[in-house]
Amino acid sequence: MPADAALASVEPTPGVAKPDPILVVDDVSRSFGGLRAVDVTHLEVQRGTITSVIGPNGAGKTTLFNLLTGFDDADSGRWTLDGTALHRRRPHNIARAGMVRTFQLTKALSKMTVIDNLMLGATDQVGEGMISALLPFRWGSQETEVRERADRLLERFRLAHMRDEYAGTLSGGQRKLLEMARALMVEPKVILLDEPMAGVNPALVQSLLGHVTDLRDEGVTVIFIEHDMDVVMGISDWVVCLAQGAVISEGLPQAVGSDPKVIDAYLGGHHGDGGDL
Amino acid sequence: MPFVHRPTRRLILVLLAFAALVVCAPSASAQDDGGEEPAAEESAESIGGRLQDVDREPVEGVTLTVTAEDGSEIGTATSDDAGEWRVPLPGPGVYTVTIDPETLPEGVELRDAERTSLSPEVRAGQDRTVLFALGDGTDARAENRPSRTSRLLNLAAEGVKFGVMIALAALGLSMVFGVTNLVNFAHGELLAFGALVAWWLEDSLGIPLLLAALVAVALAGMMGVGFETAVFGPVRRRKSGDIAAMVISIGLALVVRYVYLILFGGEPRSYSDYRLQQTVDLGPLSLTPKSWATIVVGLLVLTAFGWALRSTRIGTAMRAVSVNKDLAESSGIDVRRVVLATWLVGAALAGLSGVMFGLAESVRWDMGNDVLLLIFAAVVLGGLGTAYGAMVGGLVVGLVTQLSTYWFAPDLKLMFALVVLIVILVARPQGILGVKERFG
Amino acid sequence: ACGDDDGDDEGSGSETTEAGEGEGEGEGEGEEVEANFDTESLTIGTLLPETGQLAFLGPPMVEGVNMAIRDINEAGGVLGSDVTLIQGDDGTDPDVANTTVDRLIGTEGVNAIVGAAASGITRQVVDKITGAGVLQCSPSNTAADLRGAGNDGFYFRTAPSDDLQGPVLAEYVIDDGYANIAVLVRADEYGAGFADFLVPALEEGGATVVYNEQYDPQATNFDAEVQAIAAENPDAVVLISFEEGVQIAQAMIEAGIGPDTVPLYIADGLASGDLGERINADDPSVAFGIKGTQPSAAPESGASFFPDAFAEFAPDTDVIYSSQAYDCAILIALAAEAAGSADPAEIRDNMEAVSTGGTKCSTFAECMELLADGEDIDYDGASGPIELDGSDPSVGSYDLYEYGEDGEQTVLRQVVAEVE
Amino acid sequence: MSETVLVAEDVVAGYLPGLDILTGCNFTLADGELVGIIGPNGAGKSTLLKSMFGLVTIRSGHVRLRGEEITNLEAHALVAKGVGYVPQTNNVFPNLTIRENLEMGIYQAPKLFDERFEIVTGLFPLLGERREQRAGFLSGGERQMLAMGRALMMQPSVLLLDEPSAGLSPANQDEVFRQVKLINASGVSVVMVEQNARRCLQIADRAYVLDQGRNAYEGSGDGLLHDPKVVELYLGTLAQKD
Amino acid sequence: MDDVLKVLADALRAAVGVQAAAYALAAIGLNVHFGFTGLINFGHIAFMAIGAYTTAIVVDSGLSLWLAVPSGLLAAVVLGILLGIPTLRLRADYLAITTIAVGEIIRIMVRSSALEGLTGGVFGIQGFADDFFGLNPFGRGSYGVWDVRFNERSTWVIVVAWALVALCATLVWALMRAPFGRVLKAIREDEDAARALGKNVFAFKIRSLCLGGAIGALAGIVLAFEAQAVVPDRYLPQTTFFIWTAMILGGTGSILGPIAGSVIFWFIVQFTEGLLRLGVSNGAIPEWLLSSQQVASVRFMLVGGVLMALMIWRPQGIFGKREEVLIGAR
Ligand SMILES: Nc1ncnc2c1ncn2[C@@H]1O[C@H](COP(=O)(O)OP(=O)(O)OP(=O)(O)O)[C@@H](O)[C@H]1O
Ligand SMILES: Nc1ncnc2c1ncn2[C@@H]1O[C@H](COP(=O)(O)OP(=O)(O)OP(=O)(O)O)[C@@H](O)[C@H]1O
Ligand SMILES: [Mg+2]
Ligand SMILES: [Mg+2]
């Protein structure tokens, strides 16, 4: 995968400035009791790239996502999306500002059909207003459009055969797919994926990755947490490694993968696929 | 409002004599009819009264003047040796009676110095009585009035008692909810069951209350087990859902409650043991022995169960079952047995609470339904699924209900408990002892 | 404030009649269409609390009506045939009461309904019943502002309203010479309505009301109220309650302000003649010092046979409002007989006539004989002389009683209060 | 690999009435064997484990444990017979502390708790450090460790694992696979459902490929790993570079 | 046989009567809360109370009916907002208890002597519906089919009530099939997911609370008009439970469910009583087994029993989907 040329020249040091950052995070911290779960001094995410976030279990990756998307309140810190300050904003505002996330523990809307799950994601739906909901002619055509878009996504995520089933009947992996497809319905500028590939069948992972790179090529900035180093190495333009809440290393995939700090904290002795047990 | 008050017999005098006899028996002396103005015979209406000092001794020789509405004087009277006076009236209407404070004997004063005249309406044929309250210049009412602090303390003690009873039931409810996810609207009926059975055992079999209570608590526990085996267990196995189970509990509550009504009737009853006890003072607190016992036993039971739920293996298993039955099964926990044990204990606690309510209040067929909301409030206040939470919640509910009456009208006391519930939940959405779950 | 209500209601009551003017002409044909009830024979329905909060009030009233029906039918019935009784539950719940009314009026075709027990329930159904042209007679609605309730004068009651009893009780207290009075009433129509007349009467008579509170009828615990009363050191306490009064009295005794130290005055809602036993079954003498008023159970003029007969008819049943219920049924039957028709409108027109002016009679059989002779009768009933004036008895006859040292209740005298 | 421990024959099972998820699955596990199950998402892998473990009702077919019929036996009874199970999701008690979670892991033999606790916290030091913390606060990976720890507590003779490595960091994944291998080496028969199919096949003696509720392929771990059809359909080519 | 038919007619009358219509309305409102948005509202009676009281107060102060009813609805909306702001952050089961509490607080407040000037305290307000009955187009007579007949007064209320039911059901149907309804359902399933997708969950919940509350208020107003009275103690929590029962009997989250549920509920209430009374009066049920005074109690037992049986046999209700229940139950 070709790394974004703009990043090639960026120095691989934690907190380094990017040529065209879309997301800029400053001094974000969050503690639980005595545990400092997140403590990020400075982090920039380059527009239109795939940035992977890796780090040992409990490093604070999910918590960082929670903070950035407003689902948890930071003890301190600021962050901006395209120059718009997003700290202290409610989650739905952040989503509307163009930053959408998925959940590590999936949140399928069980008693809604798969297609409805997806259609929900579309933003600026006229028919969501209470008055205009009563006037079908105002939202009818938009609804058709949304449905078509949803169907295309279902097709891509191999969920088309489950289109009219209750989302509650999906298997664990299928829920991951649903979760990601639904977030894409929002048509976000930045999408935060929390371990979207965990538990997904490897054959499918490949096609999903294709989808993720397509997204990037369409101009969406993708940030995702992933533990599968094959995936990380395969598609990331940039990798950030978190440990104990702080960024310990960032850089091009190869550079981070061979950073001794990362190997020590995260990869352990069996780096890569050498499962020779 | 217009009405006429016509004593059909001269019984009033007998009554007055009787009243005097009742209130100050030693000073009772045969009264004769002399007290009544002869004019009363002829004229249909009269106005009169009897003057008494603080010791309810007659006050003699006080002058009273009766004037009509237009200010014209109708007549005057002086109280006789029985303290009585009466003035015949020309007809019905509003008259003003004025007492002459000057004529009051030494050491006797009007309790309310301002209130020297009264203007009652006298209707056709009525012998109206009015009352001038006399005192000795001291505020008699203030004398042995309890101090603010002692009242507050006593209210607090009553609050603790009430709270303990609520908490016992709440703990049971919370346990059953925790383990089965059932919002059990029939929990109040378990409470009533304890009270009613204890009453029945005591009343018709003559079993002493303490023993009856033990049996009743045990039977209430069995009833809980019955609920589970006959109703909620099968429902859960059919995977009917929590909401359906809740509605079923509403139905069950109806059935059981009306069985009580048929079997026990609608009137409230009380236990005959420990009825009408004298209060026992402990420092500034004065409570009846049964109240003390309720508080002590209740707190002991609560702490014991709170501890057991936190620290014993079965307690942990109950909490485990409460969040994830499948995983509990997978851990080797016999979920059915845990559920049964929970019902047994939860219902027994409700039964105990019921007996205590019966002791402190009364035994009624619908008593459980009456306190159910407070029990729910306590459970939620403390934080669902926390054993000590139910206890704290119960105490808060109890204290607030009782203490609020110190400042506010008593008919609003339940409201205050509920207002506090909302206020606390707004500040702490997970309840007082509840834990906020992590997100994501 | 209650006085105001009074006025308003009378206002709207008359409006109703105005609004119903259009029906005026139609009334004749209306009777043809309203064929639900039979005008040839009398069917009486009950709408009494067999379930719900006031379930304990139900049995005495139901039995009262039962006994009346027995007496009526033993004496040959009305209009030549037996009176039919259809029972119904008011559930102390407006929705239950409403469906019961639908059933009674719609299917059973009753000509008259005895009930409801609580004033609040009556308010919820009186329009429906009277609007359908069916007669309603409540044995126990004491709310003063129900006077003339409903449409077209179809509503009656045999219980005298609180504006009569309140002042009677107040004067009882004042006659006894108690100056500082604590008043605790049930916060519902009964208690609050009573207090609205009791408290002004107490003050007018020279007493000071040192404590005047209402308790929530849903509350089960009265410790706080009792403590507050004790803190006021009153000379006497007035307690207007239903059954829960027993528990309040117990709480007072335990708090050291039992009736033997601070006289306790009660009213009809708690009166039962065996209060001592209910407070303490082992020692009824605890009731010593309790005094109070109640509508006369054995009025001097009237059906003095009733208490004994009722005790025999329905042993182990409370007596509260039983005589009023009895009278409701008897009055309806007599009015139907006098009218010569079971048409509720005609019964309505004769209710006053059979209860006032004319030859006095106090049993159904006796009255029937007089009617047969074409005489104008004046039924003096089991609950008093019942001189109906509009919807209400114009006089209330009250027993003033007290409990002696042996815990026995003695009636000291009767007081008749009249509506002007 | 002599005696068969666990056998499932033509198992038909499902959640909703009228809709079978497993449409006739067969499965055998021999004594001391490590068997992998792989397959696409929604194939019914978890359902198969659950039905063998008595958590999903079997509509037809049989499950036998050492020859004994255990079809639709309640799970806790199976635990008593030495079967252990780690679910794929919801595999810790969030309202219990870590220590209590582990305590529940060995519910039927409380006496052994202290001893096993030492062993498990030795493997996952984090669990020991934060023993009094509520499991609900743990991160996804931390929970997975705890779930694995719970399974190790009971030291069963047959262990059913549903995606034990999901969400773990590479280092921890290695640890899990190493542990599974060790457990298996100590004589425990293990069934492992994995999406990390390569790693799974590498350590498995035998493996099943499940698709749409029935067996699609079956063979030795190595065999399947190199079967081009299996690779294309189920393993993907992403990680094949090495 | 005739007797049984009479009982049947009775039950049918109850099933189409004002109570049934009002419960249907209330249940439709509750269904918006619970069935579609997942808000466990146990204080629905508060909306009925506030609607009825406001309407009564406005009419009683001499203003027009056409002003009064909208103000009743407006009051419900205001209550929805006031109730929502502090409580909508709560967990579902906490919300349940808080809403009962709010219902009780409202009831205790309107009956308190402090507010007697406004609400009539324990006495309530009477005789305010003359204008409403003045609009009655039905001439004197009885209307209906077979033995299920009503007089013109009841007919008028019933017609109005069922028209409102139809109107509200249509309104809810139109809203729920639109994207608006989709968001509500999403909130019911998982509000965080909705939030993450940019939906202002709080605003939607408030809207749901207000909409359902206003429909509930309409039910309260209908009942108040019917009775020509508002009395505080008719607004006890018990009624909310019966409305829940009706809703769940019919099936939550469906449009027709609440209506069918309330019809069935009232049918059962009346039919059981009718049969029992019939049995007792014609001797089919011997006196020693059941006295006539116990009939009402036994009726409630039967209602409870039938409720349980229905819920056990068909937990999803008449119009609900069994799958949805099963998915929820895992
Ligand atoms: N609400 C909370 N209370 C206490 N501790 C918490 C809470 N939320 C998170 N933590 C702790 O903060 C740390 C960071 O958690 P986080 O979920 O962000 O990790 P992560 O990097 O996403 O790990 P994983 O890769 O395992 O998902 C963990 O140690 C976790 O136990
Ligand atoms: N609780 C449930 N209720 C209804 N249907 C379910 C339930 N759980 C699973 N299913 C259905 O069963 C099918 C198989 O699910 P299962 O969880 O067994 O798949 P899996 O092979 O484990 O997939 P994954 O690898 O994604 O975990 C799914 O497609 C789903 O439709
Ligand atoms: Mg995480
Ligand atoms: Mg699975």
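If you measure heavy-atom distances from B:Leu155 to chain C, the contacts under 4.5 Å come from both the backbone and the side chain. For C:Thr51, the parts lying under 4.5 angstrom from a heavy atom of chain B are both the backbone and the side chain. Contacts of C:Glu203 with chain B are made by both backbone and side-chain atoms, with heavy-atom separations under 4.5 Å. With a 4.5 angstrom heavy-atom cutoff, C:Ala228 touches chain B via backbone and side-chain atoms both. Residue C:Ile279 touches chain B through both its backbone and its side chain, counting heavy-atom pairs closer than 4.5 Å. Heavy-atom distances place both the backbone and the side chain of C:Thr208 under 4.5 Å from chain B. Neither the backbone nor the side chain of C:Arg186 comes within contact range of chain B; no heavy atoms are under 4.5 Å apart. With a 4.5 angstrom heavy-atom cutoff, B:Tyr258 touches chain C only via side-chain atoms. Contact of C:Ala201 with chain B is made through the backbone alone, with heavy-atom distances under 4.5 Å. Within the 4.5 angstrom heavy-atom criterion, only side-chain atoms of B:Val371, from C-beta onward, approach chain C. In this structure, chain B has heavy atoms under 4.5 Å from both the backbone and the side chain of C:Gln250.
Comment: B:Arg364 does not engage C:Glu244 in a salt bridge, judged by the lack of any side-chain N to carboxylate O separation of less than 4.0 angstrom. Comment: C:Glu204 engages B:Arg128 in a salt bridge, judged by a side-chain N to carboxylate O separation of less than 4.0 angstrom.
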Yes or no on side chain to side chain donor-acceptor pair (under 3.5 Å) for C:Asp282 and B:Ser272, after CA distance, side-chain angles and deciding distance? CA-CA 7 Å; C:Asp282 305 330; B:Ser272 46; 4.8 Å; no
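Among C:Gly256, C:Ala224, C:Gly258, the residue making the largest number of heavy-atom pairs under 4.5 Å with chain B is C:Ala224. Ranked by heavy-atom pairs shorter than 4.5 Å toward chain C, the options B:Glu267, B:Lys290, B:Arg257 are led by B:Lys290.
Summarising the geometry, atom CD1 belonging to C:Ile248 is positioned 11.0 Å from atom CD belonging to B:Glu361; distances are rounded to the nearest 0.5 Å. Separating the CD atom in C:Gln227 from the OG1 atom in B:Thr405 is a distance of 7.5 Å, to the nearest 0.5 Å. Within the model, atoms OG1 of B:Thr401 and CG of C:Asp223 stand 10.5 Å from one another, a figure rounded to the nearest 0.5 Å. Atoms CZ and NZ, on C:Phe222 and B:Lys413 in that order, are 7.0 Å from each other to the nearest 0.5 Å. Atom CZ of B:Arg269 and atom CD of C:Glu243 lie 9.5 Å apart (nearest 0.5 Å). Expressed to the nearest 0.5 Å, how far CD of B:Gln52 lies from OH of C:Tyr178 amounts to 8.5 Å.
In plain terms, the two heavy atoms of C:Gly206 and B:Arg115 that are nearest each other are O-NH1, 3.4 Å. Counting all heavy atoms, side chain and backbone alike, B:Leu131 lies closest to C:Gly177 at CD1-CA, 3.4 Å. Between C:Gly205 and B:Leu118, the closest heavy-atom pair is O-CD1, 3.9 Å. Nearest heavy atoms, B:Phe162 versus C:Asn221: CD1-ND2, 3.6 Å.
Put simply, the side chain of B:Pro268 does not reach to within 4.5 Å of the side chain of C:Gln247, judged on heavy atoms.
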